[in-house]
Each structure stands twice: as structure tokens, then as C-alpha cells.
Amino acid sequence: MSITIDKPELLAPAGNFEKLQAALIYGADAVYFGGKNFSLRAFGDNFTREEIIQAVKFTHERGKKIYAAVNVFAHNADFETLADYLHFLDGAGVDAVLVSDLGVLSLVKETGLKIHISTQANVTNWRAAKVFHDMGASRIVLARELTCAEVETIKRNCAAELEIFIHGAMCISYSGRCWLSKYLTGRDANQGACTHSCRWKYNLVEETRAGEYFPVGEDERGSYVMNSKDLCLLPCLDKIIASGVASLKIEGRMKSVNYVAGVVKVYRAAMDSYFDGDFKVRGEWLAELDKVAHRPYTTGFFLSDDKPTEIHATSKPSRASDFLGIVRAFDAATMTATIEQRGKFSVGERVEFLQPKGKTFAQTITSMQDEDGLEILSAPHAQQLVRVPVVEPVEIWSLMRS
Ligand code: SF4
């Protein structure tokens, strides 16, 4: 008997409206976002109510789905305004809300909105998944600390849809359920205000010797014992899809447009290749994942939990390419692209174009004109529109990068 595997959804972060557009245009099937309150990214741009209405419209016009993160651990005072926000989300037409708090879950049930259990709820076994399903959740976002075998067991024993993280930053504590930031700075990760204290460089100080830092030496760069590498499950994509999970999630609502576009494009191509019957990890995909800001990659716990969490020995993520602008128009007659500037670039500079569908290509900027047709040597103003000759036809919404 042959088993049919449904194509899972590719789910991408939408930190703001532009990132939402990038995610969908580069191939995501669904996006998740946070409003101004109640999601776990208090310092992200996040969406106003008007932007949420605009985002739902943009997403649904493309036949895709949009989920709202309401995954704070709520305090009593939060419930004074939460019901109103949930009714707004329901009216706006979001496809589901992500929750982690049982009080929030009970309130969401009253609205009739679909419920996805956030990874923040730390579901690590099928019994917990089943309890949430019995309580009304249609989907469970599993904890990141699970092996493939554990995911498969949960799938066999729970009828809810399952979602797992496939790419992005990891928490050293259980999927973000962490007190480190609150303890050290007063800013609570469980209220969306994490200061990423696990990424800091730590020393030892004796209390009568203020200012004298004794190294806690892992190596000459110091000690970063809590700074996890980033997750990248691209090499395990075939196993993940075969496990029957419904949704593959990319982390990163605080990340750049360049990150969202590049990572989504890679996983879109990889997932499509699996269902075309020729999945194998390609060098061009790995090269693209190297061009976005990231710490060294790890497969985390997915292949085995029989190893320590891998630590990255510096607080700084790598940054491989600069995001310079977005192609807003292309004139085939003159082979000219109109680019909305995002980073400074100049005549003579070597750049490349990441396209939503076509191949990435590189070229040198040979000349540049401003909106009035005047020749210029560089584009110094943010969001200035400039015309640049291109060596190949270029798709709208391509990203120009260094
Ligand atoms: S301090 Fe680190 S481990 Fe804790 S919630 Fe923030 S990012 Fe996660």
C-alpha cells in the first residue's frame, strides 16, 4: 500500500507589512504576525489594526493564510483589552491565532477563531498535544527540543495538525520559556521583551573587586555558554515531510526583508523538489542561507538529543550580504530596472539580484539615473527611486544586494 503524503505548508515570519509581502511573493504558503500587544516580539515593528486589515487582504487575495500571534503569558490586566482585540482579529478574517496561555485559549474559544498552540507552550509529548486538541486547538506548534522519532510518535497519537520550526534562532531555554532576561534586566521574554541575555559575553566578578573581570574561558574569545547556534533543518527536509507534519515554520519576525526573502525562497524550492521526486540539498541553497544574517547552523535536537546544545562562541551573528534596494519596475525595451533604495550603492559597485522565482544574477552598476532622468553616481537617500541598467530581465520585487 502506498502512503500519500500531503504537501505541508511553508510558514514565514511577517515582522511588518513589507516582510509579509516578501514572504508571500518569495513562496510562503502562510505568514504569522504580531499586533502591537500580546505577541512575543514587543520590540518588533508589529502591526496596527489598519495594517492587519491590509495584511489579511493582501494574503487572502493570493489564496494564502495568515495567523496572529497572541502568545504572551497573560496577566489579569491583559484581559481588560484582550477580548476586544480578539474580536477585531476575528472580524478582520485572520485564519487562526497562536496562543500559549490557558486563559487566553479559553477567551479565544469564545470568539470561534481557530486556535494554534504556540511553541511557547512547550508541547513535547503526544499526551500534551492531545489535551490541547481536546480543548479545541486545531494545530500544535511543537517544542523545538524534539527528535524526529518523537515528532512521529506525536503524529501517530494525536489528530491535531502539527507544526515544527525548521529554520532560525534557538533559545537556550525551552523554546523561549525563559527567565534570564527578566532576572538580569527586568525585561520579560514571556511578555515579548527579551533582551537576548543568553547571547552576551559573560565574565566572573568577585564582589569586592568591582571592575575586575575574570575570564570564564572557553577559548580566547571569552565565554558564550548560553548562546545557541541557529537551527537549519534543510538537510532533514525529507524526514520532516515524511513525518506528516502540516506546517514548516521559519523563525524571525525581527529579521530583515533579505532574510525572509532568501530563506523562504530556499525552503520553497527544497519542498517543491521533494514533491517533484528529486530532493537533495543543493549548493546554491546553502550558499543563499549563508547570505542572510545567522549564527553557525545546527540541526538542533531533530536527528538526536544525545548531544549537548551547540554553542556559538561570539555574540555577533554573521552578515554576508547588504540589502541595497527592491526592484519596483523593469523596462524590457531599455533593459532598465527602477530600484527603491534601502542601502547606499554607487556606480562601479558589484551587486546581485535575488529574484522571487528566477535565478540570482550578478552585475556591476554601470550608470544610474534619478527620477528626473539626471545621471547620478550614488543613491544616498532612503527609499529614493533610481534607474539602473540590468544585464538580464529582472522580476519585480527582486532584492538588490551587495
Ligand atoms: S534570553 Fe535567550 S534563551 Fe532566554 S528567551 Fe531570550 S533569546 Fe531565548
Side-chain angles (χ1 to χ4, degrees), residues 11-15 19 32-34 37-46 69-75 78 98-101 104 116-124 141-146 163-204 216 218 221-233 249-256 259-260 263 292-302 305 307-319:
L11 175 57
K19 293 173 195 173
Y32 61 100
F33 73 94
N37 303 96
F38 309 120
S39 89
L40 286 179
R41 292 293 178 272
F43 303 111
D45 291 346
N46 295 325
V70 189
N71 52 350
V72 286
F73 286 99
H75 289 244
D78 290 323
L98 283 139
V99 305
S100 49
D101 180 278
V104 176
H116 293 181
I117 299 300
S118 165
T119 194
Q120 205 75 8
N122 306 133
V123 175
T124 53
V141 189
L142 296 176
R144 278 171 275 204
E145 294 78 10
L146 297 180
E163 179 177 309
I164 65 167
F165 277 89
I166 54 166
H167 194 94
M170 301 259 271
C171 279
I172 199 69
S173 74
Y174 248 79
S175 287
R177 203 157 182 171
C178 173
W179 206 241
L180 192 61
S181 172
K182 173 79 171 168
Y183 181 74
L184 292 178
T185 69
R187 283 171 36 180
D188 188 350
N190 300 303
Q191 294 283 316
C194 179
T195 54
H196 304 283
S197 316
C198 61
R199 315 287 182 196
W200 299 350
K201 179 179 180 182
Y202 288 92
N203 285 278
L204 182 69
V216 185
E218 285 179 277
R221 285 170 294 189
S223 175
Y224 296 89
V225 288
M226 294 179 283
N227 182 20
S228 171
K229 290 183 179 179
D230 286 354
L231 185 69
C232 173
L233 292 186
K249 184 175 210 162
I250 296 166
E251 181 275 345
R253 276 193 280 144
M254 305 281 283
K255 303 268 175 70
S256 68
Y259 168 93
V260 172
V263 176
V292 299
H294 68 282
R295 301 172 190 89
Y297 290 126
T298 172
T299 52
F301 298 88
F302 193 73
D305 59 2
K307 60 175 185 175
T309 301
E310 293 179 88
I311 299 302
H312 177 39
T314 167
S315 59
K316 296 210 173 10
S318 70
R319 205 171 110 267

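For ligands, and for the atoms within them, numbers begin at 1 and follow the listed sequence.
Ligand 1 places these atoms under 4.0 Å from at least one heavy atom of S197: 1 (S). For ligand 1 and A189, the ligand atoms under 4.0 Å from any heavy atom of the residue are 5 (S). Against a heavy-atom cut-off of under 4.0 Å, C178 is close to the following atoms of ligand 1: 1 (S), 3 (S), 4 (Fe), 5 (S).
Counting heavy atoms under 4.0 Å from ligand 1, residue C194 touches it through the side chain alone.
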Evaluation steps, ring pair (Phe, Tyr, Trp, His ring centres under 6.0 Å), between H167 and Y297: CA-CA 9 Å; H167 194 94; Y297 290 126; 5.1 Å; yes
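Note: R295 CZ to R199 CZ = 3.5 Å, rounded to the nearest 0.5 Å. Annotation: the span from N122 atom CG to L142 atom CG amounts to 11.0 Å, rounded to 0.5 Å.
Contact detail for I117 and V123: the closest heavy-atom pair is CG2-CG2, 4.2 Å.
Among C171, A169, S228, A193, the residue whose heavy atom lies closest to atom 8 (Fe) of ligand 1 is C171.
K19 pairs by the salt bridge (Lys or Arg N to Asp or Glu O under 4.0 Å) definition with nothing, not counting sequence neighbours.
At a cut-off of 2.8 Å, C198 is counted among the residues with an N, O or S atom near atom 2 (Fe) of ligand 1.
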